[in-house]
Amino acid sequence: MSKFILSAAIRGAHKIVDKCAAKLDEAIEKYGENQDIGFPNTAYYLPIIYSLMGIKIEKLKDAVPVMKRCKELLPPVPAEKHYLPYLGPGLDAGLATLFAEEIFEAIRYLEDPDFYVGGEEVYDKGAEKFWVGAAEDTIFRKRGIEFVDGTAPGFAAIVGSAPSPEEAAELVLEYQRKNLYIFCAARDIEGKTSVPEQLLEAGVQIGWPTRIVPYGPDISAAVFALGFACRVAMSFGGVKPGAALKNLLYNKDRVFAFVNPLSTIPDEWYANAAGAINWGFPTITNQDIPQILPTGICTYEHVVSNVPMKELADKSIEVRGLKVTITKIDIPVDYGAAFEGERVRKDDLFLECGGGKTLAVELVTSRRMDEVEDGKVEVIGKDIPDLGEKGGRLPLAVVVEVAGRNFQPDFEPILERQIHHLVNYAKGVMHIGQRDIAWYRISKAAVEKGFTLKHIGVLLHAKLHQDFGAIFDKLQVKLYTEEDKVKEIADEARKIYRERDERIEGMTDETTEIYYSCTLCQSFAPNHVCVISPERTGLCGAYNWMDCKAAYEINPTGPNQPIQKGETLDPKLGNWAGVNEFVFKAHDHLRLLRVHLGSAPHVQRRHDGKPGLHWRDSLRHEVHHLGGRHRRRTSDPGIRGPQQVQHLPAEVHRRRRRAVPGGVDAQVPQGGNPRTSNPTQQGVGHARLH
């Protein structure tokens, strides 16, 4: 831990507690211990004390034992030669600070009822009174629910002043784009100005309706922000008053808040920041102070410093672990799955990329966090407006660069495969193929509405965030139309494609302990389930083992679930106990008994001389009749094929043993034709070779 930060926080806590204790003694002497105190129009008393300690402070005398507890929580100020103060005492000092400040603010309401204006007014440039103080319950109920339903994922607690009004406005606007609230407290250390005052100077409106909330001019007003978070946990999270740990964990996991000190940081600010860490709210600042980088109480780092103002919003969101949600796609054409099958014909064609006419390539690649600017879309080369009225053809390379603390290189092809249908959702845009055989067609109608190549990057950024934001934090898109650059990217991409394929092909069923289920098609085929292993895709051919692994990472309760392979029952047929158990439970209404993965395509002649498709295991031990069409895996044509399911005969159908030409003893479902070796018209049976 940082000795500098924790020592400053403990020193600041001593100053604040002493000041607040003196204010309490003064108020008792002046008004008497039975004087009512509290925040206006709320049933939550002093919410931080009420939520964490379970104490209802209604009179001055009720605050006396709490102030005594604050003094008990204060650790000694670390000596100059003390090598390393631990985080725990710093957190205790932070809590003591917040408890004491909440009492201080309650006394301020008693002494000067008009100090805060309250309400939900919007304040413009020139406003003189705009500090709103604690939110009344009517405001809290309206705004607090937004922290639960996702409308507002969290808040940025800004203290002090930015280097300039323009930088303050730019930072706040970036947070507004992310749907965050901006809770502001404290003028700078000189007492000259604050972010709310800078925003008014820059012509930015502030107040609850704008989500820019100017709580108060002193650092003690920070308790209004943390008290709001505590009320969210109690009101919407069902956390009981006094359940301190549950309240803190609820806020850590559900309310994505953080602290941004923007000017010189005194000891008192350190004390408040230490208090916020108890809720899992980290501090990210532009100031030159030491850092606390190990994870622990917070999701990631506790204190991150020296962040340039232009990068502060993105860095704060990253450190807090907030996932950006984008609800609107800013493109000039209609967008939705209904347009996926649309075709752009020759007569309506304005721009064509790929399809054998030019080179078109798509690549998703991962980068370091500091190399990606979320939402950045660049077109390097000509765009649609540069083609004139008749349009034409262009080479195209679509490069999507993603970064995330939890992102894995194995997820790259998953996102890459999404480009096809995400681009197709745009009305007037047709997309076929993937990798280096992509084909884009953009219609005249789309161009007339203002659609450009840049909008491809805009929609990819929005939709990938919507659908896959759980596995990455930031995403930027670069679209190249310069022929030499497109060729260069294509050569690089082909190397990456080859490495991916080799990584998958090097995996075998025998050396992999976890397979995955796939029930995606159960929406229209409720009896279907696939067992997907490294050497076998699903029967649809669209999902491989790596796809399912990524899908499970993204959605642990989704259609792709891990299957522990378990004990090997038959290595020749590829029969494992764990797979059998999973399929048996998944299909208990059909009573499926065994799954044999070790099979290969085998064509056998039917009794009428026509070829019929069967599947034969690699060592000719067993043949399973399957309906539908099947494709041979070209990578390993003699050994592997799709998974086979054998029904429990006694539960599903009555066996009939018939002599079938060709030396096959067939078992056919009731009503089946014993003379045919293709059961697709009758049901599923199985046969054993002699």
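Note that these values count all heavy atoms, side chains included, but never hydrogens, waters or copies made by symmetry.
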- Checking side-chain contact (heavy atoms from CB on, under 4.5 Å) for the pair W576/V531: CA distance, chi angles, key distance, verdict? CA-CA 11 Å; W576 287 278; V531 177; over 6 Å; no
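- Distance check, rounded to the nearest 0.5 Å: CG of D386 to OG1 of T481 gives 8.0 Å.
- Within 6.0 Å of atom NZ in K357, more than 12 heavy atoms from other residues, nucleotides or ligands are found, so the atom counts as buried in its surroundings.
- Using cut-offs of 30° and 60° for the angle between ring planes, the F472 and H465 rings count as tilted.
- Looking only at atom types and distance, the side chain of E412 has a donor-acceptor partner in the side chain of S366 under 3.5 Å away.
- Contact detail for V458 and I331: the closest heavy-atom pair is CG1-CG2, 4.2 Å.
- A side-chain donor-acceptor contact under 3.5 Å links E416 to the backbone of V364.
- Between N247 and M234, some side-chain heavy-atom pair lies under the 4.5 Å cut-off.
- Side-chain polar atoms of Q476 and E401 form a donor-acceptor pair below 3.5 angstrom.
- Using a 4.5 Å heavy-atom cutoff, the side chains of N286 and V307 are not in contact.
- With N179 contributing its side chain and A152 its backbone, the two residues share no donor-acceptor pair below 3.5 Å.
- Judged by a 6.0 Å distance limit and a 45° cone about the ring axis, R143 is not positioned over the six-membered ring of Y181.
- In this structure, W545 contributes its side chain and I514 its backbone to a donor-acceptor pair below 3.5 Å.
- Remark: side-chain polar atoms of N560 are paired, donor with acceptor, to backbone N or O of S517 under 3.5 angstrom.
- Ring geometry, F147 versus F183: the interplanar angle falls from 30° to 60°, so the pair is classed tilted.
- Annotation: side chain of V402 is not in contact with side chain of V372 (no heavy-atom distance under 4.5 Å).
- With salt bridges taken as basic N to acidic carboxylate O contacts below 4.0 Å, none links K495 and E499.
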- Item | Trace of the side-chain contact (heavy atoms from CB on, under 4.5 Å) decision for L387 with V447 | CA-CA 11 Å; L387 298 179; V447 173; over 6 Å; no
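- Side-chain contact between F350 and V344 is absent, with no heavy-atom pair separated by less than 4.5 Å.
- Look at E318 and K315 and you find a salt bridge, because one of the NZ, NE, NH1 or NH2 atoms lies within 4.0 Å of a carboxylate O, short of that distance.
- Annotation: side chain of Y335 is in contact with side chain of L422 (closest heavy-atom distance under 4.5 Å).
- Using a 4.0 Å cut-off between charged side-chain N and carboxylate O, K178 and E174 make a salt bridge.
- Looking at Q291, its side chain never comes within 3.5 Å of a backbone N or O of N306 through a donor-acceptor pair.
- Ion pairing between E301 and R405 holds under the 4.0 Å rule for side-chain N and carboxylate O.
- By the 6.0 Å and 45° rule, R231 stacks over the aromatic ring of F140.
- Counting heavy atoms from C-beta on, the side chains of R441 and D348 never come closer than 4.5 Å.
- Within the 4.5 Å cutoff, side-chain heavy atoms of I212 are placed close to those of Q176.
- Using bins of under 30°, 30° to 60° and over 60° for the plane-to-plane angle, the ring pair Y552/Y516 lands in the tilted bin.
- Using a 4.0 Å cut-off between a side-chain N of Lys or Arg and a carboxylate O of Asp or Glu, D347 and R345 do not qualify as a salt bridge.
- Under the 4.5 Å side-chain criterion, counting only non-hydrogen atoms from C-beta, L351 is not in contact with Y440.
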- Task: Would you sort out whether I414 and I471 count as a side-chain contact (heavy atoms from CB on, under 4.5 Å), showing the intermediate values?
- Result: CA-CA 11 Å; I414 310 303; I471 61 172; over 6 Å; no
